[in-house]
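The structure presented is a predicted model; accordingly, all values stated were derived computationally and were not measured. Proteins come first, then strands; the chains are lettered A, B, ... in the order of their sequence lines, and each starts at number 1.
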Protein chains: 2
Amino acid sequence: MAEAGDTTQPSDASERSRADATRDAILAATAALVSHDGVSKLTLARVADRAGVSKGGLLHHFGSKQALIAAALDHTLESADQALHALAVANGRPRGSFAQAYIDYVRDPDHTANAAAAILAAATLELDDPQAAAAQFDRWRQRLANDGLDDATATLVRVVSDGLWLIDLFDLAPPDPEQRKAMLDQVEQLLPTD
Amino acid sequence: MAEAGDTTQPSDASERSRADATRDAILAATAALVSHDGVSKLTLARVADRAGVSKGGLLHHFGSKQALIAAALDHTLESADQALHALAVANGRPRGSFAQAYIDYVRDPDHTANAAAAILAAATLELDDPQAAAAQFDRWRQRLANDGLDDATATLVRVVSDGLWLIDLFDLAPPDPEQRKAMLDQVEQLLPTD
DNA sequence: GCCAACGTACCGTCCAGTCGGTCGGTCGGT
DNA sequence: ACCGACCGACCGACTGGACGGTACGTTGGC
């Protein structure tokens, strides 16, 4: 789904073609539209308008609405993955570094807004491949399972973090910042101390 | 939104009119349709068909699609609330009884399927009153806050339980039964022991 | 005979996807 | 240096179908 080495790479990778910029604009518009106006407002015309292209132009890049959503999902999932790994490297824990990253990632509610939007969209409009998100989350699950934690704690970290942004997504009386912090700190103390 | 004592209660409450049975059938069909076929398949015609009535018949009971979803949401939220209170009474803890109930409720994934479906539907189709679900969850949050637990633990119980059924809902690599149990047991041990 | 509880036919709107076309650039031949 | 063939990027009008909602007819119980 993610094409890095494209069909006819003209000269060098650093030269981002205008087409790629348009693609990114469309992807960004998609995420922005969903998180601001809701899934029901996600129409090709609106996305195109927001991205500054025509509907025809949008469909030139993404062959269908499903393809657009799949690409948006892929994009946000991948950037979340990169952010998680960067956080894991940054904290430099010998054990539980990924768990620490997983917790830290959700400390900022804004972090997860776009990813949440993409997942909601993908779940709502049925994707050909609803496994795309599940596969990524399963990879994170495995990573967490091999992070030097016991099983129960690994599961707890995952459920708490994912639960938090899902609660944010649906606005199900999300905990206020202090409670959020206190709870995450409490979970963090279950991580191995080296 | 919740009409218990309706407009013209004829004689006694135990006499359930045929109209009420139809209403319930429609509500059940709504929940079943969403959880089996997904939100995008939730159309008035399909719900009516599944409930064994015509679209006109459906609209006789629920004036609009939004009204239907609001009623379905209200219905599932209310039954979840009753289940939670029954569980809380059953465990008879002096402190943390509601927290215990909140944990127990999500031990069985099937428990939450319908509620989840209704909430998803409500979130997707924008409801006039998106606060309906939030209000109920906020009531549970308050109940949890006054359950004899410290704030961090109360928040943790809520996030873990809600996180679990939200993960189930989106099928985001849900933990297997053993991990689920182990994690919930671990959280349960944070409750006050009397 | 009246009203609630339906059913049936229909309308207007919205929207995904199609299609023919425009425009700027590039590349090979000369 | 120039030209024509070609191509990717993009536009915008259009269509066909789905869907929410309306208008009106019908029936059965009280």
| Separation of B/K65 atom NZ from C/dC14 atom P, in whole Å? | 15 Å
| said: Which label fits A/W140 and A/F137: parallel for a plane angle under 30°, tilted from 30 to 60°, or perpendicular past 60°? | reply: perpendicular
| remark: A/F62 CZ to C/dT18 C1', in whole Å, measures 19 Å
| said: Between A/R139 and A/Q142, do the side chains contain a donor N or O and an acceptor N or O under 3.5 Å apart? | reply: no
| request: Could you tell me the separation between the CG atom of A/L59 and the C1' atom of D/dC11, rounded to a whole number of Å? | output: 12 Å
| A/D138 and B/L172: CA distance, side-chain angles, deciding distance, side-chain contact (heavy atoms from CB on, under 4.5 Å) verdict | CA-CA 7 Å; A/D138 196 57; B/L172 259 26; over 6 Å; no
| query | Are OP1 or OP2 of C/dC6 and a side-chain N or O of B/T22 less than 4.0 angstrom apart? | reply | yes
| said: Which is more 5' along DNA chain C, the nucleotide nearest B/L58 or the one nearest A/A45? Just name the residue. | reply: B/L58
| message | How many whole angstroms separate atom NE2 of A/H61 from atom C1' of D/dC11? | response | 12 Å
| Short side-chain N/O contact to C/dA5 OP1/OP2 from B/R23, under 4.0 Å | no
| If you check the A/S64 side chain, which of D/dG12, C/dG17, C/dC6 turns out closest? | C/dG17
| said: Can you tell me the base-pairing partner of C/dG28? Count Watson-Crick or G-U wobble geometry only, both distances below 3.5 Å, and say none if there is no partner. | reply: D/dC3
| query | How close do A/L164 and A/P175 get, heavy atom to heavy atom, and via which atoms? | reply | CD1-CG, 3.9 Å
| query | Is the shortest distance from a Lys or Arg side-chain nitrogen in A/D147 or A/R143 to a carboxylate oxygen in the other one below 4.0 Å? | reply | no
| task | Whole angstrom is fine here: how far is it from NE2 in B/H60 over to C1' in D/dT27? | result | 13 Å
| said: Tell me the interatomic distance from A/L42, atom CG, to C/dG17, atom P, rounded to whole angstroms. | reply: 12 Å
| said: Just the rounded figure in Å: distance from P of C/dC14 to CG of A/D49. | reply: 15 Å
| task | Tell me which nucleotide among D/dG21, D/dC11, C/dG17 gets nearest to the side chain of A/S54. | result | D/dC11
| request: Answer yes or no: does a side-chain N or O of A/R46 lie under 4.0 Å from OP1 or OP2 of C/dC14? | output: no
| message | Going by purine N1 to pyrimidine N3 plus the second Watson-Crick contact, or the G-U wobble pair, all under 3.5 Å, which nucleotide sits opposite C/dA16? | response | D/dT15
| message | Just to be sure I understand the rule, does A/T43 reach a base, reach only the sugar-phosphate, or reach nothing, if contact means heavy atoms closer than 4.0 Å? | response | sugar-phosphate
| query | Within this structure, what is the NZ-to-C1' distance between B/K55 and C/dC11, rounded to whole angstrom? | reply | 11 Å
| request: Just name whichever nucleotide pairs with C/dA9, Watson-Crick or G-U, keeping both distances under 3.5 Å, else none. | output: D/dT22
